[in-house]
Amino acid sequence: MPLHFRSMDELKYNDFIEKLVAEYAGEHIKAGTWDPEEAHGLAQSQIQQLVPEGLGTSGHRFFIALDKSEPVGSVWLNIQPREKKKQAFIFDLKIEEQQQGKGYGKAIMAALDEYAKAENFEKIALHVFAHNERALKLYQTMGYEIKSYNMEKRF
């Protein structure tokens, strides 16, 4: 199922960021890295630091993934120019809730591969929380390799 990307407009971006803050805070709470009372503020602060100019922040691309004309997901990609080839980091990849389990995760990752090749990227990297086994499996299936582990011991 070939997908294509469309850049987000301001309205879609604002909705995306609002949901992202809540989800990112929730992921940190699940991972045990942030206190639930502080998580929302921390998530909001980190995202604001990454995209201080919102949708117009240099080096950041916000896409809606479309199957024909139907939105099936979204991608936040940071493009980092390097001496030889560009590199990218996926800050967020989301499948619309009603579209989950239909193969759109793989389709979005394949579309990102095509985008990366067309834009002459050297690599794409990402972060996934350890408790998100579904996403981890998808990324590994698509050829992504684990490069490091963050570990902790709680008392």
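- By the side-chain contact (heavy atoms from CB on, under 4.5 Å) test, Gln100 is found to be paired with Ile95, Arg134, residues two or more places apart in sequence or in another chain being considered.
- By the 4.5 Å heavy-atom criterion applied to side chains, Asp92 and Phe62 are not counted as neighbours.
- Considering Trp76, Phe5, Tyr13 as possible partners of Phe63, the one that fulfils the ring-ring contact (aromatic ring centres under 6.0 Å, His included) test is Phe5.
- Residues Asn78 and Gln80 bring a donor and an acceptor atom of their side chains to less than 3.5 Å of each other.
- Residues meeting the side-chain hydrogen bond (donor to acceptor under 3.5 Å, both in side chains) test with Glu18, sequence neighbours left out: none.
- Looking at heavy atoms from C-beta onward, His28 lies out of side-chain contact with Leu42 at the 4.5 angstrom threshold.
- The environment of CG in Asp35 is crowded: more than 12 heavy-atom neighbours from other residues, nucleotides or ligands sit within 6.0 Å.
- Residues Leu20 and Ile29 are members of separate hydrophobic clusters, defined by side-chain heavy-atom contacts under 4.5 angstrom among Ile, Leu, Val, Met, Phe, Trp and Tyr.
- With sequence neighbours left out, the salt bridge (charged side-chain N to carboxylate O under 4.0 Å, His left out) criterion links Lys106 to no other residue.
- One hydrophobic cluster, built from ILVMFWY side chains closer than 4.5 Å, holds both Leu126 and Leu138.
- Residue Glu37 places its CD atom among 12 or fewer non-hydrogen atoms of other residues, nucleotides or ligands, all under 6.0 Å distant.
- Here salt bridge (charged side-chain N to carboxylate O under 4.0 Å, His left out) pairs that include residues 24-33, with residues two or more places apart or in two chains, are Glu27-Lys30.
- Across every non-hydrogen atom of Ala107 and Leu3, the tightest pair is CB-CD1, 3.5 Å.
- Glu97 meets the salt bridge (charged side-chain N to carboxylate O under 4.0 Å, His left out) test with no other residue; sequence neighbours excluded.
- Hydrophobic clustering (side-chain heavy atoms under 4.5 Å, transitive across Ile, Leu, Val, Met, Phe, Trp, Tyr) groups Val21 together with Leu55.
- Note: the hydrophobic cluster containing Ile108 does not contain Met8 (ILVMFWY, side chain heavy atoms under 4.5 Å, direct or indirect links).
- In this structure, CG on Leu112 lies 6.5 Å from CG on Leu77, to the nearest 0.5 angstrom.
- The closest side-chain heavy-atom distance from Glu70 to Gln99 is below 4.5 Å.
- Considering OH of Tyr104 and CD of Gln98, their distance stands at 10.0 Å, rounded to 0.5 Å.
- Sorted by first and then second residue, the ring-ring contact (aromatic ring centres under 6.0 Å, His included) pairs involving residues 132-155 (not counting sequence neighbours) form an empty list.
- Residues Leu66 and Val72 are not in side-chain contact: their nearest non-hydrogen atoms beyond the backbone lie 4.5 Å or more apart.
- Of the possible polar contacts, one joining the Asn132 side chain to the Ala135 backbone as a donor-acceptor pair under 3.5 Å is found.
- Not counting sequence neighbours, the partners of Asn14 by the side-chain contact (heavy atoms from CB on, under 4.5 Å) test are Glu10.
- Residue Ile64 holds its CD1 atom at 8.5 Å from OG of Ser7, rounded to the nearest 0.5 Å.
- Here the closest heavy-atom approach between residue Phe121 and residue Ala88 is recorded as CE2-CB, 3.5 Å.
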Start with the C-alpha gap between Lys94 and Glu96, add the side-chain angles, then the distance that decides, and say whether salt bridge (Lys or Arg N to Asp or Glu O under 4.0 Å) holds. CA-CA 6 Å; Lys94 193 176 299 25; Glu96 298 291 332; over 6 Å; no

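- When the side-chain contact (heavy atoms from CB on, under 4.5 Å) test is applied to Ala31, the partners found at least two apart in sequence or on another chain are Thr33, Phe129, His131.
- Remark: side-chain polar atoms of His60 are paired, donor with acceptor, to backbone N or O of Leu50 under 3.5 angstrom.
- Remark: Glu145 CD to Lys123 NZ distance equals 11.0 Å, nearest 0.5 Å.
- Glu38 pairs by the salt bridge (charged side-chain N to carboxylate O under 4.0 Å, His left out) definition with nothing, not counting sequence neighbours.
- Ile90 has its side chain out of reach of His127: every pair of non-hydrogen atoms, C-beta onward, lies at least 4.5 Å apart.
- Salt bridge Asp113/Lys117: absent, no basic N to carboxylate O contact under 4.0 Å.
- Shown here are the salt bridge (charged side-chain N to carboxylate O under 4.0 Å, His left out) partners of Glu119, two or more places apart in sequence or in another chain: Lys86.
- Every residue meeting the side-chain contact (heavy atoms from CB on, under 4.5 Å) condition with Leu136, not counting sequence neighbours, appears here in chain and number order: Val128, Gln140, Ile146.
- In plain terms, the two heavy atoms of Pro52 and Thr57 that are nearest each other are N-OG1, 3.6 Å.
- Screening residues 40-51 for side chain to side chain donor-acceptor pair (under 3.5 Å) gives Tyr24-Gln46 as the qualifying pairs, with residues at least two apart or on separate chains.
- Connection of Phe91 to Val75 is not established within any shared hydrophobic cluster, with ILVMFWY side chains joined at heavy-atom distances below 4.5 Å, either directly or through further cluster members.
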